[in-house]
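Below, all heavy atoms of this structure are taken into account, side chains as well, without hydrogens, waters or symmetry copies.
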Amino acid sequence: MGFASPQEAMAFYGEVINQHRFDALLPVLAEDVSFWFSSGSHSGLAASRQAFEKTWARIVDERYWLEDLYWLAIGDDSAACSYHFHWTGRMNNVPAAGGGRGTTVLRRDPAGWVIVHEHLSAEPT
């Protein structure tokens, strides 16, 4: 499965992430993907899988979504967008929620558009 545009790739990511199955995300992730989260930096698919699965285990019934995507740049082979992210779920059996801002960089590989980097951070105070 390849994505014809960076917007299509981000739409897929936003929908599939709530399945809480890392393998379902693989079509939209580059093998050399890197994620920068408040919990640390994770490079490559194996490290990224561990980070995602740890979060999904910690936040029960998590629902994650993106809002206000703003395309900073879209070129023939790369694109970048910023957005606000939100999540809800339960931690230690108590309702919890959070969010912040994110930036995602995508690249067009031979099979289509993939995410190569994501950086999430808290909103400024």
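The shortest side-chain heavy-atom distance between Ile17 and Leu25 falls under the 4.5 Å cut-off. Proximity of Glu62 to Thr88: side-chain heavy atoms (C-beta onward) are nowhere separated by under 4.5 Å. No side-chain heavy atom of Val105 sits less than 4.5 Å from a side-chain heavy atom of Ser78. Val114 places none of its side-chain heavy atoms less than 4.5 Å from the side chain of Val28. Looking at Lys54 and Ile59, their side chains never come closer than 4.5 Å, going by heavy atoms from C-beta outward. Leu106 places a side-chain heavy atom less than 4.5 Å from the side chain of Met10.
One hydrophobic cluster, built from ILVMFWY side chains closer than 4.5 Å, holds both Ile74 and Ile115. Taken together through direct or relayed side-chain contacts under 4.5 Å among Ile, Leu, Val, Met, Phe, Trp and Tyr, Phe85 and Val16 form part of one hydrophobic cluster. Hydrophobic clustering, with ILVMFWY side chains joined whenever heavy atoms are under 4.5 angstrom apart, keeps Trp36 apart from Val116.
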Distance-only donor-acceptor pairs under 3.5 Å for side chains of residues 89-103, two or more places apart:
unit_1 : atom_1 : unit_2 : atom_2 : d
Arg90  : NH1    : Asn93  : OD1    : 2.6
Arg90  : NH2    : Asp61  : OD2    : 3.0

For a quick test of your reading: what N or O donor-acceptor pairs under 3.5 Å do the side chains of residues 39-47 make, sequence neighbours left out?
unit_1 : atom_1 : unit_2 : atom_2 : d
His42  : NE2    : Gly40  : O      : 3.2

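Other residues sharing the hydrophobic cluster of Val60, ordered by chain and number and joined by side-chain separations under 4.5 Å: none, the residue standing alone.
Around CH2 of Trp87, the count of heavy atoms belonging to other residues, nucleotides or ligands within 6.0 Å exceeds 12. Counting non-hydrogen atoms of other residues, nucleotides and ligands closer than 6.0 Å to CD of Glu31 gives a total of 12 or fewer.
From Leu120, atom CG reaches atom NE2 of His84 across 12.0 Å, with rounding to the nearest 0.5 Å. Interatomic distance, SG of Cys81 versus CG of Asp68, reported as 11.5 Å (0.5 Å rounding). Taken from OG in Ser82 to OH in Tyr70, the straight-line distance is 7.5 Å, to the nearest 0.5 Å.
Applying the ring-ring contact (aromatic ring centres under 6.0 Å, His included) criterion to Tyr83, with sequence neighbours excluded, gives no partner residue. Residues forming a side-chain contact (heavy atoms from CB on, under 4.5 Å) with Glu53 (at least two apart in sequence, or on another chain): Phe22, Arg49, Trp56. The ring-ring contact (aromatic ring centres under 6.0 Å, His included) check on Trp71 picks up nothing, with sequence neighbours excluded. With sequence neighbours left out, Arg58 forms a side-chain hydrogen bond (donor to acceptor under 3.5 Å, both in side chains) with no residue at all. With sequence neighbours excluded, no residue satisfies side-chain contact (heavy atoms from CB on, under 4.5 Å) with Glu15. By the side-chain hydrogen bond (donor to acceptor under 3.5 Å, both in side chains) test, Ser34 pairs with His117, sequence neighbours left out. For Asp77, the side-chain hydrogen bond (donor to acceptor under 3.5 Å, both in side chains) partners two or more places apart in sequence, or in a different chain, are Arg108. Remark: His86 engages Trp65 in a ring-ring contact (aromatic ring centres under 6.0 Å, His included) (not counting sequence neighbours). Every side-chain hydrogen bond (donor to acceptor under 3.5 Å, both in side chains) that Tyr13 has, sequence neighbours left out, goes to Glu118.
Taking the six-membered ring where the residue is Trp, Phe12 and Phe3 present tilted rings, their angle falling between 30° and 60°.
The shortest heavy-atom contact between Ala51 and Phe37 is CB-CE1, 4.3 Å. Of all heavy-atom pairs spanning Ala24 and Gln19, the tightest one is CB-OE1, 3.3 Å. Nearest heavy atoms, Arg107 versus Ala30: NH2-CB, 3.5 Å.
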